[in-house]
Amino acid sequence: MRWTTDSIRRIAGNVIEVQARGVGYGELALVSSPGAAALAQIIRLDGDAVFLQVLGGTAGLSSGDSVRFLERALEAPFTPHLLGRVFDGKGEPRDGGPRLLEATVPVGGPPVNPVRRLKPSRMIRTAIPMIDLFNSLVESQKISIFTVAGEPYLELLARIALQADAEVIVLGGMGLRYDDYLFLRDTLESAGAAARTVAFVHTAADPVVECIAAPDLALAVAERFALAGRRVLVLLTDMTSFCDALKEVAIVMEQVPSNRGYPGDLYSQLAARYEKAVAFEGAGSVTLLSVTTLPGNDITHPVPDNTGYITEGQYYLQNGRIEPFGSLSRLKQHVNAATRADHRTLMDAMIRLYAGYQETLEKRAMGFALSPWDGKLMRYGTLFEARLMDLGVAMTLETALDLGWRILADCFAPAETGIGSELLADFWPREEAGRA
Amino acid sequence: MAPHGAITGVNGSLITVAFAAPVRRYEVAYALRDGLRLKAEVVRIRGDRADLQVFESTAGLRPGDPVEFTGELLSVELGPGLLGRIYDGLQNPLHELAEAGGVFLARGAYRPGLDPDQSWPFTPALRPGAVVEAGDTLGQVPEGRFAHAIMAPFDLAGRHRVCEIVAPGTYTLADTVAVVEGEDGVRRPLRLGFRWPIKRAIRLWRERLPPVEPLITGVRILDSLFPVALGGTFCMPGPFGSGKTVLQQLTSRHALVDIVIIAACGERAGEVVETLRDFPHRPDPQTGRALIERTIIVCNTSSMPIAAREASVYTAVTLGEYYRQMGLQVLLLADSTSRWAQALRERSGRLEEIPGEEAFPAYLESTIAEFYERAGRVRLRNGSIGTVTIGGTVSPAGGSFEEPVTQATLKAVGAFHALSRERSDARRFPAIDPLESWSRYRGIILPERRERVRRLLARAHEIAELMKVVGEEGTSLADFALHLKAEFFDAVFLQQNAYHPVDAATPRARSEAAFGLLQEILETELVPGSREEARDFFVDLRRRVLDWNLLPWSAPACVAGLAEIRARWRSRVEAAARTAPALRRALVETDLDSSCRRARRMRPEAPEDAVHADHADATAGEERAGEAPAADETLEEEPPKPTDEYDALDDR
Ligand SMILES: Nc1ncnc2c1ncn2[C@@H]1O[C@H](COP(=O)(O)OP(=O)(O)OP(=O)(O)O)[C@@H](O)[C@H]1O
Ligand SMILES: [Mg+2]
């Protein structure tokens, strides 16, 4: 039986309270006002009081509107015709195409049994040295781009997406500016990737709460493709908007905030999404690349902080470059032992010396005399930034490694690099050896 | 029939249930819906309503749904067959769940923690007529490399007489292996295993002992400067990406203990998978058998049901206490205790309790303290000594140690390993801050020597800070040299390459040998000719020691290599002494120093670092002696040092 009620007892924020019986936690309802219908989800039951979060927002709702319970949880469309399509944050078509309700999958399904996960082992080559050399991206990784408004993060996202050689791309847009959405769409289209892309886009113009469902829809679809054996790349931007929507709902529900107004379960909410990244035994994989804009460019803000504790690393995009400090790929060690014998050591040595360069910069800023060693570090840092960090640079990992040695040899004597003798013997550029 | 109740409310993982017959706090109950039985635990009782946290997603539950109470507290099964298993937080074996349920963790699917059909060759140790109490050994079965003691159930009340006990043979967990009769005249059948509630500590020992034996982790900075003790507690707070998990993974592989229990609590599933896929192929450093045979994994990863996160740490420590009862040394590694604290916070919020700092419940501190109190070194009733050591990571919000979980944990532990973002950014791994960290335990290096090195490092840090203000030219040559020496010590000793087969774990004797030489270098005052010359010298010395670090300890060249480095250092010092008579020992006069010097006078070539047997229970070191050459043949010449078991506790 479908329960219907025609009186809303309370409307506050995006949450309404009605009286009903026989409805289950998490199920959906349709709130109908004259000429409009909005989807809502049950977020609390107390006796016969039912609290619903209205996905379309509560603006214009009346206490006399009727609520019809659908006896099902949120579902995402899933058919072979999905590719190339664009939906909104509720899963409704945004591109004028048909609604594709013939086959659906529930969102927010159960977690994967850890023993059925595979250890990630395939490197995704991006031709960006700051990624390939220093923080390799790995299939089935979950990783976020930490950045601020104004940085070219969408360009970076698109560039990685196109390099990643994924069979399916799923885009989840949260609070996306429409222009930005068009940019992403056009970039994927011009590279011929649109036909293997499906998008769930909540734009800044849509009701805030709708953006809570967008990542869930995207991930549910991605999981299905992966189970069907595809290598899937999920792009989620911007997860900070998602967190802000969670915050809004929590405040309306009068939950005690834990940190700067965000609910105490922010970590678990984010983890439930990010942990959908997976490599299945005997099937495909989901790789998850998200964007997290840092409010106030503060890395200790609860959103980037919780994200950092969940993802398998982050690319810290500042001033148009991926910074070596703050950036991390936790899965790099799964792949960089098999690339080239010098990869790991060179990576660590170059970052350590770059840290030295940063100290020298501080010294210089204080007006101290620079020692000859500082001079070497200055030269090194400048070369490093221009030839490896610049986002305009594109080269294979092997070229980047060779270039790394060349930069070292240009600046230092072999022992000054802190690299072991064995590797130095094998990789120190020969023509420079005499000079150094 | 089991007493029933009915759901009246659902709020996240919390359900409110109306009940008629009495219910107990922490009692297990099942919410029934669509043929599923969803496990839950009573967390609060008010009038005729009980609040239960459900260990599953509550999706679809509705008011009116029946709830079945079991009367049993949340418990685990104890018995042979725990080792090598991977469990969820409620002790469901994940491999078995996967066989039954496929790729995903289906709701309401549970499996027994121990395989009821597996048979074990049991050898009884008692005869009819013997008298037993809870925890007494009835016999044993072989489990991997251990003789697994089959014990009288821990909740057996009072003394019991053994009426029957089976002959040696093969039995399953379902078989009765003994029948005992209590003073009440009731006869009870005993099996190979039994159940125990996870929130109740197992306290069947004769006495608690101070944790005075070092636990060798293979991590140099820990073993030398911030040691962990068998039966002690330690915590590892650090911002995200600072290396907590990697450090725990290293410890779980290399620590010299009998059994390692890994509690993956609310962290990434991928990290569990690494261990899971890796341990069956990795040799145990002590026995060469597969590491998985001495390991138990309890995991409730971040996307698994939140309510079971809290249970997972208690499940893990209960399994640890069980093996401690057999006189074994158990190490429990929990990653991350903050996620467990967050689960408490979430539940507390839903219960609408008065929130404390950052919305954590007021009982956070006592809950954490109680948990770490379950660690300990104990003398059992049969005289043997068992330990449970607990090490937990903490994930402080915003990376600041001022937050409630870090602060509460600091009060509860005996060693504090602070990981710093500054060090991890600069790839100085393990990123343990040598100035902020501390340990109250006695390790392989005498406390006085540890303190001297720490003070030098602190002084070098001041110099580095000063240099930021006054520049290199503003520091004296001697200070600059100390700065270089500290950097050198950091690079070749405090830092360690987790991904190099040799460098990943350093045996005790090697750490002692290297520390001895490096302490000599740190403490010998050296005024260089010029800054550049000093830098060049240390660049060269660093390369030599780094190369040496990668030589296997068993390689013949290893001992010779260290001697060569020492010779190089001493000739440099002598050269400096010839040019500038500024060379002197800058040591505070202590008994130790004079005794060291006396020792050197007896054997002029004996270096100070040969001070070795600095505590009575050097057993862990002896275990390692076989795998490597003695650090220095002068070791035996050292007069034994008087030790006081208890001064481990006031070294801080
Ligand atoms: N000892 C080490 N040697 C080399 N690299 C290390 C070491 N420790 C950590 N790292 C690097 O730092 C990364 C992050 O480490 P780790 O996952 O242990 O951090 P964490 O403190 O557990 O972070 P989180 O709190 O987010 O779980 C690793 O993936 C590795 O690249
Ligand atoms: Mg970790």
Side-chain angles (χ1 to χ4, degrees), chain A residues 21-27 44-48 73 109-120 227 255-259 264-265 267-268 271-272 275 280 300 302 305 308-310 312-313 325-326 328 330 333 344 348 351-352 355 362-363 366 368-369 371-373 415-416 418 420-421, chain B residues 8-11 57-63 86 94-95 97-98 101 103-107 240-241 268-270 272-274 276-277 299 301-304 306 339 342 345-346 349 355 358-359 395 397-400 425-427 468 471-473 491 499 531-532 535 539-540 542-543 546-547 550:
Chain A
R21 237 175 285 149
V23 295
Y25 185 76
E27 288 175 3
R44 181 170 185 177
L45 293 164
D46 188 4
D48 58 6
V112 174
N113 187 328
V115 304
R116 285 300 179 90
R117 284 173 179 262
L118 286 183
K119 201 170 147 177
L227 282 171
Q255 283 180 27
V256 184
S258 68
N259 201 341
D265 66 353
Y267 174 86
S268 303
E275 284 281 314
F280 286 116
T300 68
D305 188 50
Y309 276 121
I310 291 163
E312 287 153 341
F325 300 142
L328 170 69
R330 293 161 192 269
Q333 51 265 19
R344 283 184 177 175
D348 283 336
I351 297 291
R352 263 191 231 116
E362 275 174 36
K363 257 194 212 174
M366 301 282 292
F368 295 135
S371 65
W373 172 245
E416 288 174 336
S421 307
Chain B
T8 63
V10 186
N11 181 10
S57 155
T58 52
L61 288 184
R62 54 183 68 171
I86 168 165
L94 290 179
H95 281 292
L97 286 185
V103 173
F104 295 99
L105 287 169
R107 274 208 300 175
F240 63 80
R268 305 170 185 85
V272 178
V273 177
E274 266 175 61
L276 192 73
R277 305 258 169 196
C299 75
T301 58
S302 59
S303 63
M304 285 161 78
I306 293 151
R339 305 303 163 218
Q342 285 179 343
R345 173 168 72 185
E346 248 171 75
E358 289 183 25
S395 315
S400 153
D425 268 352
R427 298 284 207 274
K468 284 187 191 155
E472 263 177 33
E473 60 272 35
Y499 301 109
R531 294 190 168 81
E532 283 314 303
R535 183 169 348 247
V539 159
D540 175 68
R542 179 181 64 178
R543 187 184 51 79
L546 284 178
D547 285 350
L550 305 186

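Here is how names work: the chains are called A, B, and so on, in the same order as the sequence lines, proteins then strands, and each is numbered from 1. Values below: all heavy atoms of this structure, side chains included; hydrogens, waters and symmetry mates excluded.
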Would you find a donor on one side and an acceptor on the other, under 3.5 Å apart, between the side chain of B:Arg62 and the backbone of A:Gly22? yes
Between B:Val103, B:Leu546, B:Thr301, who has the most heavy-atom pairs with chain A when the cutoff is under 4.5 Å? B:Val103
When A:Gly109, A:Pro110, A:Gly26, A:Gly313 are compared by non-hydrogen pairs under 4.5 Å with chain B, the top option: A:Pro110
Looking at B:Ala98, B:Ala59, B:Ser57, which has the largest count of heavy-atom pairs under 4.5 Å with chain A? B:Ala98
A:Glu27 versus chain B, heavy atoms under 4.5 Å apart: side chain, backbone, both or neither? side chain
With a 4.5 angstrom heavy-atom cut-off, which part of A:Ala271 approaches chain B: side chain, backbone, both or neither? both
Taking the side chain as every heavy atom from C-beta outward, state whether B:Leu105 and A:Val112 have any atom pair closer than 4.5 Å. no
Heavy-atom distance under 4.5 Å to chain A: side chain of B:Glu358, backbone, both or neither? both
Geometric cation-pi criterion, B:Arg339 with A:Tyr309: 6.0 Å, 45°: yes
Closest approach of B:Gly398 to A:Asp305 (non-hydrogen atoms, all atoms of both residues): N-OD2, 2.6 Å
With a 4.5 angstrom heavy-atom cut-off, is it the side chain or the backbone of B:Leu97 that approaches chain A, or both, or neither? both
Starting from the C-alpha separation in whole Å, work towards a yes-or-no answer on side chain to side chain donor-acceptor pair (under 3.5 Å) for A:Ser371 and B:Arg531. CA-CA 9 Å; A:Ser371 65; B:Arg531 294 190 168 81; over 6 Å; no
Hey, could you give me the OH/OG1 distance between A:Tyr25 and B:Thr58, rounded to the nearest 0.5 Å? 5.0 Å
Only pairs of heavy atoms separated by less than 4.5 Å count here; which of A:Gly47, A:Pro257, A:Pro120 has the most with chain B? A:Gly47
Counting heavy-atom pairs closer than 4.5 Å to chain A, which one of B:Gly9, B:Ala359, B:Ser303 comes out on top? B:Ser303
Under the 3.5 angstrom rule, does the side chain of B:Glu473 hit a backbone N or O of A:Ala369 as a donor-acceptor pair? yes
For chain A, which candidate among B:Asp425, B:Thr8, B:Ile86, B:Val10 shows the most heavy-atom pairs at distances under 4.5 Å? B:Val10
Please report the C-alpha distance between B:Lys468 and A:Met366 in whole Å, then the side-chain angles of each, then the deciding distance to 0.1 Å, and finally whether the side chain to side chain contact (heavy atoms under 4.5 Å, CB included) criterion is met. CA-CA 8 Å; B:Lys468 284 187 191 155; A:Met366 301 282 292; 5.9 Å; no
Can you tell whether the side chains of A:Lys363 and B:Glu472 come within less than 4.0 Å, N to carboxylate O? yes
Which one, B:Arg107, B:Glu274, B:Met304, leads in non-hydrogen pairs under 4.5 Å with chain A? B:Glu274
Sort A:Leu227 into side chain, backbone, both or neither according to what part of it lies under 4.5 angstrom from a heavy atom of chain B. side chain
What part of B:Arg427 gets within 4.5 angstrom of chain A, counting heavy atoms only: side chain, backbone, both, or neither? both
Return yes if some donor-acceptor pair links the side-chain N/O of A:Glu275 with the main-chain N/O of B:Ala269 below 3.5 Å, else return no. yes
Measure A:Ala73 against the heavy atoms of chain B and call it side chain, backbone, both or neither at under 4.5 Å. neither
Heavy atoms of A:Gly308 and B:Arg268 approach each other most closely as O-NH2, 3.4 Å
The interface call for A:Asp265 against chain B, heavy-atom contacts under 4.5 Å, is both
Could you tell me whether the side chain of A:Arg117 and the main chain of B:Val272 form a donor-acceptor pair under 3.5 Å? no
When you compare the side chain of A:Tyr267 with that of B:Ser302, does any pair of heavy atoms fall below 4.5 Å? yes
Test side chain to side chain contact (heavy atoms under 4.5 Å, CB included) applied to B:Arg345 and A:Ser258, step by step: CA-CA 9 Å; B:Arg345 173 168 72 185; A:Ser258 68; 3.3 Å; yes
What are the two closest non-hydrogen atoms of A:Asn259 and B:Ala397, and how far apart are they? ND2-CB, 4.1 Å
B:Leu94 side chain near A:Pro114 side chain, heavy-atom distance below 4.5 Å: yes
Quick check for you: among A:Gly420, A:Ala355, A:Gly418, which has the greatest number of heavy-atom pairs under 4.5 Å with chain B? A:Gly418
What part of B:Gln342 lies closer than 4.5 angstrom to a heavy atom of chain A: side chain, backbone, both or neither? side chain
Closest non-hydrogen contact found for A:Lys119 with B:Val273 is N-CG1, 3.9 Å
In terms of heavy-atom proximity below 4.5 Å to chain A, should B:Asp547 be classed as side chain, backbone, both, or neither? side chain
Of all heavy-atom pairs linking B:Tyr499 and A:Arg344, the shortest is CB-NH1, 3.2 Å
Check each atom of A:Arg330 against the heavy atoms of chain B and say whether the ones under 4.5 Å are side chain, backbone, both or neither. side chain
Residue part contacting chain B, namely of A:Pro302, when any heavy atom lies under 4.5 Å: neither
Can you confirm whether A:Ser421 sits close enough to B:Arg543 that some side-chain heavy atom of one is under 4.5 Å from a side-chain heavy atom of the other? yes
With a 3.5 Å distance limit and no angle check, can you tell me whether A:Asn113 reaches the backbone of B:His95 through a side-chain donor-acceptor pair? no
Does B:Asn11 reach the side chain of A:Asp46, with side-chain heavy atoms less than 4.5 Å apart? no
Determine the minimum heavy-atom distance between A:Leu328 and B:Gly241, stating which atoms define it. CD2-CA, 3.8 Å
